[in-house]
Amino acid sequence: DGLPLVRGERRSRLIVLPANGKLPISPEAKKIAAGVDIMDGAKDDYEQRPSGERCLVLSGNPPVHALISYNRLRIVQTPAHVVIHNENGDEARIIPFAAGHKAPGPRSWYGDSIARWDGDTLVIETVRQNPNNRIRGLMTKFIVNEDAKVTERFTRLSKSELLYQFTIEDPKVYTAPWLGEFSFFAASTG
């Protein structure tokens with residue numbers, strides 16, 4: 001039927017919290033997201049082109065993997081870091097295992113991320129988002145401001161299913177934190 005499979009269920013929506021499946025977005029922020037078209041404005045110079053078009057960062061991807069349909073991930077862990085390689089765009093996030101975020105400084109395209117294990121779940125917390133990539137998503141646009149906190153969780157549910165969850169906390173935009181989830185499935189090698 002084409003609906004994504006998550007934990008053995010067919011899902012028609014990405015958002016699972018709040019339970020109604022709707023973004024808890026403030027009316028002001030909804031107007032901002034609806035009125036933004038990443039293709040608007042002058043495009044006379046390569047620096048005016050969207051970051052995804054320039055293959056710098058795929059719009060709407062890290063630190064929220066919102067492009068569900070063609071994300072292929074490889075996750076590699078070293079003693080000090082976890083690397084998440086995204087086949088689409090050949091992007092790699094290198095995230096240290098750390099107890100706290102580094103001091104503010106120049107911003108990365110991916111924000112300031114740290115990783116830790118919570119039991120069998122890899123947890124990645126990202127703060128200091130890139131302000132140039134705050135409108136994310138394709139069909140449903142959502143906002144991730146530079147001072148938002150994004151918490152991602154990767155949990156292996158079976159040999160072939162990896163549950164991906166993300167929570168966005170941004171009181172300037174949302175009336176409450178919200179949680180989205182979907183599953184990645186291992187490619188068949190047969």
Side-chain angles (χ1 to χ4, degrees), residues 1-7 9-45 47-54 56-71 86 88-89 91 93 101 104 106-114 121 123-155 163-184:
D1 59 21
L3 294 175
L5 189 65
V6 181
R7 300 181 199 204
E9 299 175 358
R10 294 286 175 193
R11 298 277 181 91
S12 61
R13 59 190 166 99
L14 176 73
I15 300 170
V16 294
L17 185 65
N20 66 6
K22 296 180 181 180
L23 282 177
I25 192 166
S26 71
E28 299 82 22
K30 192 173 190 175
K31 289 178 190 173
I32 292 168
V36 173
D37 182 346
I38 61 170
M39 296 308 291
D40 279 348
K43 302 292 182 270
D44 300 327
D45 179 302
E47 289 184 345
Q48 295 172 330
R49 306 305 299 183
S51 60
E53 182 181 292
R54 294 168 49 208
L56 296 173
V57 171
L58 293 172
S59 180
N61 242 355
V64 175
H65 294 277
L67 302 175
I68 303 165
S69 60
Y70 50 85
N71 267 336
N86 186 333
N88 187 31
E91 298 173 343
R93 290 172 64 195
H101 292 278
R107 291 187 188 242
S108 155
W109 280 107
Y110 305 121
D112 176 20
S113 299
I114 56 173
T121 299
V123 179
I124 299 173
E125 179 183 285
T126 304
V127 297
R128 294 195 291 276
Q129 312 291 327
N130 186 318
N132 297 324
N133 197 20
R134 73 185 193 117
I135 305 295
R136 310 223 181 136
L138 294 175
M139 302 304 284
T140 300
K141 293 178 191 167
F142 58 94
I143 299 172
V144 181
N145 280 323
E146 60 187 307
D147 52 354
K149 180 169 96 172
V150 177
T151 305
E152 300 167 282
R153 290 177 173 79
F154 295 84
T155 307
L163 178 66
Y164 175 70
Q165 298 174 302
F166 62 93
T167 303
I168 297 180
E169 297 176 58
D170 186 351
K172 290 182 180 176
V173 179
Y174 303 104
T175 57
W178 62 277
L179 168 72
E181 71 176 16
F182 60 88
S183 289
F184 290 104

Just one of Gln129, Arg128, Lys172 clears the side chain to side chain donor-acceptor pair (under 3.5 Å) bar with Asp147, so which one? Lys172

Contacts of Leu17 that satisfy side chain to side chain contact (heavy atoms under 4.5 Å, CB included) - sequence neighbours left out: Leu179

When rounded to the nearest 0.5 Å, the distance separating CH2 of Trp178 from CZ of Phe166 is 4.0 Å

To the nearest 0.5 Å, atom CD of Glu125 lies from atom OG1 of Thr167 at 11.0 Å

Of the non-hydrogen atoms in Pro24 and Ala176, which two are nearest, and what is the gap between them? CG-O, 3.3 Å

Of all the heavy-atom pairs spanning Tyr110 and Thr126, show the shortest one and how long it is. O-CG2, 3.3 Å

Closest heavy-atom pair and its distance - Phe182, Leu14: CD2-CD1, 3.3 Å

Please evaluate residues Val144 and Asp170 with respect to the criterion side chain to side chain contact (heavy atoms under 4.5 Å, CB included), reporting the C-alpha separation (whole Å), side-chain torsions for both, the decisive distance (0.1 Å), and the verdict. CA-CA 8 Å; Val144 181; Asp170 186 351; over 6 Å; no

State, to 0.1 Å, how close Ser183 and Arg7 come at their nearest heavy-atom pair, and which atoms those are. OG-N, 4.1 Å

Main-chain N/O of Leu163 paired to Thr155 side chain as donor or acceptor, under 3.5 Å: no

Taking it one step at a time, do Val16 and Gln165 satisfy side chain to side chain contact (heavy atoms under 4.5 Å, CB included)? CA-CA 10 Å; Val16 294; Gln165 298 174 302; 5.8 Å; no

Shortest non-hydrogen contact from Val173 to Ala29? CG1-CB, 3.4 Å

Taking 4.0 angstrom as the limit, do Arg153 and Glu181 come out as a salt bridge? no

Could you tell me whether a side-chain N or O of His101 sits under 3.5 Å from a main-chain N or O of Asp112, the two making a donor and an acceptor? yes

